[in-house]
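Proteins come first, then strands; the chains are lettered A, B, ... in the order of their sequence lines, and each starts at number 1. On a predicted model such as this, the values are computed, not experimentally measured, just so you know.
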Amino acid sequence: MSLLAIEDLTVALPKGADRQHALTRVSLSIEAGEILCVVGESGSGKSVTATTIMRLMAPGVRVESGRVMLGETDLASLPDEALRRLRGSRIAMVFQEPMTALNPLMAVGDQLAEMWRTHTELAADAIAARSLAALKEVALPDPEGALRAYPHELSGGQRQRVMIAMALALEPELLICDEPTTALDVTTQAQILTLIRELQQRRGTAVLFITHDFGVVAEIADRVAVMQQGVVVEQGSAEQVLTAPVHEYTRRLLAAVPGLRAPPPREISPEAVLEISNLQKTYRPAGIFRRRRAARALDGVSVTLRRGSTLGIVGESGSGKSTLARCAVGLLGFDGGEIRIAGSPLPRARQAAAHLVQMVFQDPYASLNPRRKVGDQVAQGPIAAGTARAQAMAEAAELFALVGLEPSALTRFPHEFSGGQRQRIGIARALAMKPEVLVADEPVSALDVSVQAQVLELLRGLQARLGLSILFITHDLRVAAQLCDEVAVMQNGLVVEAGTIGQVFEHPSHAYTQSLLAAVPGRGMLGG
Amino acid sequence: MRRALAAYARNPAALLGAVLVLMVLGMGLAAPLLFPQDPLGLAGRPLQWPGANPRFPLGTDPSGRDIMAQLFHGARVSLLIGFVATLVASAIGIAIGAVAGFYGGWVDTLLMRVTEAFQTLPNFLLLLVLVAVFGSHINTVTIAIGLVSWPPVARLTRAEFLTLRTREFVSAARVQGLGDIHLMLREVLPNALPPVIVYASVVMAVAILLESALAFLQLSDPNVPSWGNLIGLGRNVLRVEWYVSAIPGVAILLTILGVSLMGQGLNDALNPRITGK
Amino acid sequence: MRFLSLAAKRLAASLPTLLLILIGMFLLLQLAPGDTVDAMLAQMGGGDASIAADLRRFYGLDLSVPAQLGHYLWRLIRLDLGFSAIYGKPVATVILERLPATLSLMGASLSLAFSAGMALGVIAARRVNRWPDTLISTVGLIFYATPSFWFGLMAIVLFSVHLQWLPAGGFGDVAMGYTGWRAALDIAWHLVLPTITLGLIFLAIYLRIMRASMLEVLSLDFVRTARAKGLRETRIITRHVLRNALLPMVTLIGLQAGTMLGGAVVVESVFSLPGLGRLAYESVVQRDLNTLLGIVFVSALLVIAVNFCVDLLYARLDPRIGT
């Protein structure tokens with residue numbers, strides 16, 4: 001008999017949602033001691049599955065039919081109070097956002113201690129001892145200090161370790177992880193995945209692991225269930241689903257996962273179109289009373305982008321890669337060094353710089369003004385530069401066709417487009433200025449994997465047709481491998497290694513590059 | 001916009017607010033037609049109780065003036081003062097908040113110091129000082145109320161501008177080579193405005209309350225029929241003829257209630273995520 | 001240590017604000033037609049030009065504007081607020097006599113508004129969109145829309161004139177000659193109506209903010225974490241939600257301190273309380289600008305002091321501040 005068996009579960013969404021059911025007749029089972037990965041894109045219902053087990057659904061979402069059997073108990077029909085007693089003690093949960101999942105006003109130790117205080121009769125000193133032991137087990141540095149610390153004093157990875165310690169405090173039979181590593185850097189993600197795997201094996205806990213990332217699935221899953229639009233389309237052992245998928249949707253998803261191996265090198269023009277040399281940037285806190293120390297974001301960065309090629313800047317958060325991008329388009333001033341585009345220094349005047357360099361932004365929902373028609377937003381740059389309005393709009397229509405959108409879409413507002421379409425509009429907007437250099441700051445990291453593949457394909461095609469020179473910022477080494485001719489690896493404001501993508505990814509020479517590559521999830525099963 | 005209007009129309013409290021405000025507006029517009037004589041002129045025997053004399057359905061005040069006429073003319077004064085003072089406060093507040101929030105740095109520090117100074121002074125006290133210095137003509141009073149009411153508008157606008165100016169669409173327009181004026185007026189302001197418009201209803205309510213309090217202390221323009229003025233006059237006969245004070249107070253209460261309900265309805269209509277639950 | 005440095009920072013940051021206020025007020029009063037001497041002469045029933053000139057020289061009113069400003073600021077640094085020609089006493093003395101009534105009125109109103117607003121806000125948020133929420137929110141709106149002076153008058157009519165439960169005004173019965181705790185009780189008795197009158201609108205504001213803040217915090221991720229931990233609903237509310245929801249409330253105390261002091265002017269005049277607010281009103285009527293300026297100065301100090309306490313309280317509640 002399974003530890004958890006979800007039987008024919010149908011969950012209704014509140015009225016007015018984009019569809020009637022979040023889940024339709026979903027059946028899943030988890031055995032003791034195994035890790036089941038539920039994988040799918042946004043809107044697949046994978047998170048609803050997790051929250052329905054715990055009855056932590058968003059307001060208005062409700063179970064319509066079906067059962068959620070934990071052993072002999074049906075969680076779906078259990079009274080609230082009885083279910084509350086099970087939460088934390090027999091089923092525990094780790095959430096996606098470590099930055100917001102802990103109470104900011106309460107010491108970590110107190111939040112941890114609440115587990116025993118609520119579910120056991122232990123005395124205060126026994127609880128304190130167990131709290132300390134729990135933090136030691138998740139390998140937090142300085143566990144005594146961490147007990148007294150407040151969440152804001154810990155890093156994202158450390159907070160996620162606290163969350164795991166808290167979830168495992170009462171040795172639950174089932175641990176539900178809802179995208180627990182999505183908000184983390186790749187090396188931290190690898191550590192957390194290892195930790196979950198180790199603890200799970202040591203204790204024989206069953207784990208329901210929700211993720212959108214097939215790399216993570218390959219790292220951690222015993223069995224896999226693939227969801228699409230609230231329906232489980234395929235399930236089986238990890239090996240079978242990842243290497244011999246049966247369902248068409250699974251195949252499509254897996255095909256969209258970029259490989260880590262770079263395509264054969266192209267001929268690159270020797271002409272440098274963007275030269276960044278010895279760039280320095282320090283963030284100085286404002287005000288008379290400095291609260292924080294000045295943080296050095298760029299510490300003498302030199303990179304060169306050649307005409308018609310793509311230079312990838314890869315690194316984890318805090319490496320300075322986004323600062324570099326913002327400096328390169330003139331959004332941020334810098335303290336030292338030089339940026340030259342097509343031979344001359346980047347002009348300070350906004351108008352002049354606009355013809356030299358343009359930017360594609362990360363967040364498709366924040367990068368378009370919600371209150372203005374998209375056509376106006378694309379054409380406003382050329383119009384400000386003196387192009388007649390009619391001509392600018394005609395050019396915008398051509399650009400829309402170029403990026404794969406209907407020219408009639410010019411008169412619509414941003415909310416009428418999907419995330420991938422918005423990103424296409426963002427690309428059209430940047431191209432409207434006919435820049436020498438295109439800076440793309442994580443342009444696909446907010447997109448689902450299938451949409452991601454389409455946008456990457458579009459960028460590749462545009463580069464081939466228009467001879468674009470692209471400075472491509474990304475945290476995702478797989479994405480970098482797809483598009484970049486050359487790559488520079490950044491850490492703490494420094495370029496630690498640079499070269500052609502094949503050279504750097506096949507034979508990394510710097511220890512940091514090696515650790516980054518080693519941390520990319522799913523190398524073994526999905527191909528490196 | 002149409003969606004917001006429809007959401008507003010579905011909200012009974014918001015509709016009640018609109019009805020109340022329209023009623024007061026109607027009273028103000030009808031005042032010169034229904035009561036063409038000077039409402040501050042002697043109309044009959046003083047202190048007649050409401051209903052005692054059919055000529056004065058709401059009775060007369062201690063000076064023998066028609067309370068009903070003063071009520072209608074007072075609606076005009078209250079709404080006008082509230083509206084103009086709100087305009088003044090919003091104009092100052094939006095301008096200061098927009099510049100401070102958009103540019104940040106020392107400009108922000110300087111403008112926020114000034115705002116803080118205004119906010120540190122009790123607004124009613126500052127109003128008293130302004131009236132003491134510049135006199136209590138109705139125009140002066142209106143502008144003075146606007147002058148003491150802008151700091152919250154400035155803070156709100158600044159907060160909106162601070163978060164919006166770092167949005168990617170603003171950066172995108174900046175990279176496209178557009179100037180600061182365009183960025184502020186076309187990109188940031190339209191997105192910053194909804195909460196400010198909602199807050200304007202609070203400013204208007206406070207403005208009407210400030211004027212009536214000033215009039216109650218007999219420090220506002222004595223030549224204008226104001227509800228507050230009438231309440232102040234009724235104070236001397238409070239123990240017996242309490243209706244003189246009670247009636248205009250109800251008028252103020254309903255007006256503020258209407259303005260507040262409209263503001264809340266507007267807020268719910270413009271931020272559907274709160275009502276969506 | 002964190003506390004002390006934060007306190008020092010906040011105090012230092014309020015100095016330029018204070019300076020700005022004083023300069024602004026001084027320049028404003030320069031624009032006023034007629035000065036203290038005119039007011040005094042009017043009080044005395046007129047006088048000739050030479051007496052006026054002598055008086056002006058005596059009060060330093062014949063100097064240039066910057067010199068007068070310099071004098072004024074220098075006097076303020078020594079806490080010398082000047083002499084009130086109308087009351088015939090130093091302004092500082094006049095203000096000091098009036099301070100206790102205002103402080104007790106404000107303290108009582110703030111406590112009432114904060115505690116009742118918080119409690120009602122929590123109840124409304126816990127029963128959101130059901131009848132207790134509708135009832136509380138409606139009553140809050142009506143409180144918010146009620147002009148305080150009118151409410152005060154109506155309360156006097158009902159509770160003092162008709163029911164004769166509570167005194168209609170004044171700050172204690174001097175005639176009874178109470179001492180010690182009897183006197184304190186007597187003052188408290190006299191403050192019941194003024195406190196409610198002044199506190200009502202703030203109660204409505206606090207209630208609305210507390211309700212919104214509770215709803216906001218209830219939707220945050222860490223509350224979901226607390227639920228996933230299996231905590232009881234009461235514990236989630238008291239240990240996790242309440243403290244987070246209180247932060248905007250505490251900020252509001254600081255922001256509303258000035259408004260409350262302004263409200264005290266009206267309420268004190270309704271209930272004939274010998275407070276700072278009524279003093280302000282009297283000095284406007286009598287054109288006693290020296291006293292008015294002194295009141296502005298003291299009010300600003302008071303508001304700054306309240307904000308200082310609020311900042312420290314906030315830092316106590318939120319460990320993220322000042323590190």
Side-chain angles (χ1 to χ4, degrees), chain A residues 14-17 58-60 286-288 325-326 328-332 347 349-372 374 376-386 414-415 422 425-426 429-430 432-433 435 438-439 441-443 446, chain B residues 1-4 6-7 10 100-113 116 158 160-197 268 270-277:
Chain A
K15 281 197 187 75
I288 316 166
R326 299 179 82 74
V329 295
L331 276 175
L332 263 184
R350 239 177 253 170
Q351 281 276 347
H355 295 286
L356 295 174
V357 55
Q358 280 296 311
M359 190 159 182
V360 178
F361 292 86
Q362 170 174 6
D363 186 345
Y365 292 89
S367 62
L368 293 173
N369 188 340
R371 292 179 190 275
R372 300 189 57 210
V374 294
D376 290 338
Q377 299 191 51
V378 171
Q380 66 183 5
I383 291 172
H415 67 86
R422 287 171 196 231
I425 297 169
R429 173 175 59 190
M433 297 304 291
L438 189 65
V439 176
D441 185 8
E442 303 265 11
Chain B
M1 206 54 223
R2 202 171 305 135
R3 188 179 45 80
R10 274 196 305 274
F102 187 81
Y103 287 104
W106 66 266
V107 178
D108 181 33
T109 312
L110 183 77
L111 289 176
M112 279 304 110
R113 281 273 176 275
E116 232 168 76
R158 169 179 175 268
E160 290 293 317
F161 266 68
L162 268 181
T163 50
L164 285 167
R165 69 164 178 169
T166 56
R167 284 287 176 81
E168 288 184 349
F169 67 81
V170 180
S171 297
R174 204 186 281 265
V175 172
Q176 279 176 298
L178 294 154
D180 286 350
I181 301 291
H182 173 100
L183 295 183
M184 275 200 263
L185 295 185
R186 301 294 303 277
E187 305 291 336
V188 181
L189 191 61
N191 289 287
L193 223 40
V196 178
I197 291 174
D268 294 348
L270 293 172
N271 301 313
R273 92 194 144 83
I274 298 170
T275 43
K277 280 184 187 170

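For A:Arg350, the salt bridge (Lys or Arg N to Asp or Glu O under 4.0 Å) partners are B:Asp180, not counting sequence neighbours.
For a residue to count as touching a neighbouring chain, one of its non-hydrogen atoms must lie under 4.5 Å from one of that chain's; by this rule A:Leu368 touches chain B with the backbone only. No part of A:Ala385 comes within reach of chain B, as not one of its non-hydrogen atoms sits under 4.5 angstrom from that chain. Contacts between A:Arg372 and chain B at a heavy-atom distance below 4.5 Å involve the side chain alone, from C-beta outward. In this structure, chain B has no heavy atom under 4.5 Å from any part of A:Val439. Residue contact with chain A, scored on non-hydrogen atoms closer than 4.5 Å, is absent for B:Thr109.
For chain B, the option among A:Ala366, A:Ala384, A:Gly381 with the highest count of heavy-atom pairs below 4.5 Å is A:Ala366. Among A:Asp441, A:Val329, A:Leu331, the residue with the largest count of heavy-atom pairs under 4.5 Å with chain B is A:Leu331. Per-residue heavy-atom pair counts under 4.5 Å with chain B were compared for A:Arg326, A:Arg429, A:Gln380, and the maximum is reached by A:Gln380.
Near-neighbour residues of residues 162-169 of chain B relative to chain A, defined by a heavy atom under 4.5 Å from a heavy atom of that chain, comprise B:Arg167, B:Glu168, B:Phe169.
Among all heavy-atom pairs drawn from A:Ala354 and B:Val175, the shortest one is CB-O, 3.3 Å. The two residues B:Pro194 and A:Arg371 come nearest to each other via the heavy atoms CG-NH2, 3.5 Å.
A donor-acceptor pair shorter than 3.5 Å cannot be found between the side chains of B:Gln176 and A:Gln358.
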Practice item. Dump the intermediate steps for side chain to side chain contact (heavy atoms under 4.5 Å, CB included) on B:Arg174 and A:Met359, then the final yes or no. Key: CA-CA 10 Å; B:Arg174 204 186 281 265; A:Met359 190 159 182; over 6 Å; no

